[in-house]
Amino acid sequence: MASSGGRTPELRKDSVSNRWVIFSPARAKRPSDFKSKSPTNPNPSQQKCPFCIGQEHECAPEIFRVPPDNPDWTIRVIQNLYPALSRNLREPSVSRPVSSREIGNCVLDGFGFHDVVIETPVHSVQLSDLSPEQIGQVLLTYKKRTEQLAGHESIKYVQVFKNHGASAGASMSHSHSQILALPIIPPTVSSRLANMKDYFEQTGKCCICQIGSEDLVIHASTNFISLVPYAATFPFEIWIVPRYHSAHFHELDAEKAIDLGGLLKLMLMKMAIQLNNPPFNFMIHTGPLRCQGSETAYAHWFLQIIPQLTGIGGFELGTGCYINPVFPEDAATVLREVEIPGSG
Ligand code: AMP
Ligand code: ZN
Ligand code: ZN
C-alpha cells in the first residue's frame with residue numbers, strides 16, 4: 001500500500017542545479033521498501049579480467065601506480081583502451097577559438113584525457129570493502145591525477161566519476177572509476193556556477209556552506225556531512241559536502257581524504273543494506289580548473305551519489321524536470337537509521 005503519509009505532491013527547486021523536481025508520494029511504496037530490483041553481484045568473478053593484478057599487460061598503458069614502481073600495487077591509473085577523447089591529438093592552442101560550422105553550432109578537436117582508476121588489485125573487492133585509509137588513497141589518486149591534468153593549458157574541467165553495476169553504465173565488474181579531462185567547461189558546471197553566484201550575490205553566502213538542515217542530514221564527520229539534498233532529483237540521492245569552504249576537490253589533503261573515505265564507505269554500506277546493493281554512480285562536482293578569483297568565493301565542491309533505482313522517461317527527457325517518489329526527509333531518515341555493524 002502506498003504510504004504518502006497524507007502528503008500531497010510538491011514541487012521543489014534545487015538552488016545548485018536550478019532544477020524543478022516533483023515529489024509525488026502517491027507514486028511511492030513505503031520509503032523503506034524502496035529496494036533495487038537489479039542488485040549488483042557483490043562477488044562478480046570474471047575470467048581474464050584485465051584489471052586484476054598479474055594482467056597488467058592486457059591493459060592500455062599505465063600512467064602511475066600506488067605505491068610507485070611496486071609490483072604489489074594497490075591502485076593503478078591507466079589510459080582507457082576506448083577513450084572518449086584523444087590524448088594523441090596536437091594540443092589545441094589556448095588562443096584558438098572554438099570554430100563555428102553553422103550559426104550556433106561549434107566544433108573543436110577531440111583532445112582530452114580519459115583514464116581509468118583501478119581501485120584494488122583484487123577482483124572480488126568492492127570500493128566499500130576497503131578501509132577509510134584505502135579509500136582515502138583512491139581519493140588522493142584522483143587528486144594527484146587532476147593536478148597532473150591541470151598542467152595542460154587547454155584542459156578546462158576534470159570529471160571524476162564511478163559507474164558501479166551494469167545498469168549504472170559499468171562495463172567492467174572489477175572495482176574502478178574514471179577520470180575525463182575536457183577541453184571545455186560542461187554546461188552543468190557553468191550553470192551550477194551561475195546559480196551559486198546568484199545565491200552569493202543575493203545572500204553574501206556560499207549556498208553549499210549553508211546546506212544541511214537537520215532533517216536532511218544522514219551523518220556528520222569531522223570535515224564532511226552527508227545529506228539528502230532538499231530537492232533531490234533521484235530517490236535516495238546522497239551528497240557528501242565538505243564542511244569547510246573549498247572550490248576544488250583537488251585541495252583535499254591526506255587527513256581529510258581519510259575522513260572522506262570513511263564517510264563515503266559508510267554511505268555506500270548504508271545504501272547497499274537499505275536499498276539491496278543497488279547499481280550506483282558517483283560524481284565529484286568541482287570548480288573549473290582555472291577559476292577566476294571571485295568564483296572561488298561561491299564555488300564549493302561536493303560528491304554526489306545516485307543509486308539507480310528508477311529509470312528516466314519521456315517526461316524527464318522532455319521537460320528537464322524529474323519526478324521523485326521519495327521525499328528527501330524520508331530518504332534521510334531511512335539512511336540515517338540503518339545501523340552499520342562496527343561503524344560506531
Ligand atoms: P565502465 O564502462 O564504467 O565499467 O568503465 C570501464 C572502462 O574501462 C571503459 O570505459 C572501457 O573502455 C575501459 N577498458 C576496458 N578494458 C580496458 C583495458 N583492457 N585497458 C584499459 N581500459 C579498458
Ligand atoms: Zn579483475
Ligand atoms: Zn562554501
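In this text the structure is predicted, and so the values were computed from the model without any measurement. Every number for a ligand or one of its atoms is a count from 1 in the order of the listing.
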Taking the Zn ion (ligand 2) as the vertex, what is the angle from SG of C52 to SG of C49, given to 10 degrees?
120°

Test item: side-chain donor near acceptor, S246 and W301, under 3.5 Å
yes

For atom 21 (C) of ligand 1, which candidate among V116, L81, D115 provides the closest heavy atom?
L81

So for ligand 1, is F51 a polar contact partner (N or O within less than 3.5 Å, distance only)?
no

Counting backbone and side chain alike, does C206 bring an N/O/S atom below 2.8 Å of the Zn ion (ligand 3)?
yes

Residue, atom and distance of the protein heavy atom nearest atom 4 (O) of ligand 1 read S171 N, 2.6 Å

Which of parallel (below 30°), tilted (30 to 60°) and perpendicular (above 60°) describes H176 and F51?
perpendicular

Side chain, backbone, both or neither: the part of Q79 lying under 4.0 Å from ligand 1 by heavy atom:
backbone

Among the N/O/S atoms of H123, the Zn ion (ligand 2) lies closest to ND1

Salt-bridge contact D253-K256 (side-chain N to carboxylate O under 4.0 Å)
yes

Kindly indicate whether a cation-pi arrangement holds for R87 with F111, taking the cut-offs as under 6.0 Å to the six-membered ring centre and within 45° of the axis.
no

of all protein heavy atoms, closest to atom 15 (C) of ligand 1 is M172 SD, 3.9 Å

Under a 4.0 angstrom heavy-atom cut-off, which atoms of ligand 1 come close to I78?
20 (N), 21 (C)

Relative to the Zn ion (ligand 3), which of the N, O or S atoms in H245 is the closest?
ND1

Between R65 and E62, is the closest basic N to carboxylate O distance under 4.0 Å?
yes

Would you check the N or O atoms of H114, main chain and side chain alike, for any that come under 3.5 Å of an N or O of ligand 1?
no

Between N324 and F234, is there a donor-acceptor pair closer than 3.5 Å when you use the side chain of the first and the backbone of the second?
yes

Counting non-hydrogen protein atoms only, what is the nearest one to atom 9 (C) of ligand 1? Give residue, atom name and distance.
N80 ND2, 3.7 Å

Side chains of T74 and Q137: donor-acceptor distance under 3.5 Å anywhere?
no

Between R7 and D330, does at least one N-O distance fall below 4.0 Å, as a salt bridge requires?
yes

Heavy-atom distances under 4.0 Å are what count here, so tell me which part of Q178 touches ligand 1: side chain, backbone, both or neither.
side chain

Should you measure from each heavy atom of A60, which atoms of ligand 1 turn up under 4.0 Å away?
20 (N), 21 (C)

Those atoms of ligand 1 less than 4.0 Å from some heavy atom in N163
3 (O)

min-distance protein heavy atom vs atom 6 (C) of ligand 1 -> H176 NE2, 3.3 Å

Looking at H174, which of its N, O or S atoms is the nearest one to the Zn ion (ligand 2)?
ND1

Does any N or O atom in P50 lie less than 3.5 angstrom from one in ligand 1, N or O only?
no

Starting from the Zn ion (ligand 3), look over the N/O/S atoms of H300 and name the nearest one.
ND1

Below 4.0 angstrom from a heavy atom of C59, which ligand 1 atoms are there? Numbered from 1 as shown, please.
19 (N), 20 (N)

Any side-chain heavy atom of D115 sitting closer than 4.5 Å to one from N80?
no

Describe, in one word, how the ring planes of H250 and H248 are oriented to each other, choosing from parallel (under 30°), tilted (30 to 60°) and perpendicular (over 60°).
tilted

Check each atom of ligand 1 against the heavy atoms of E58 and keep those under 4.0 Å away; list them by number with element.
19 (N)

Pair R336 + D215, salt bridge at N-O below 4.0 Å
no

Is there a donor-acceptor contact under 3.5 Å linking the side chains of S175 and K162?
yes

Is there a donor in the side chain of T286 and an acceptor in the side chain of Y157, or the other way round, less than 3.5 Å apart?
no

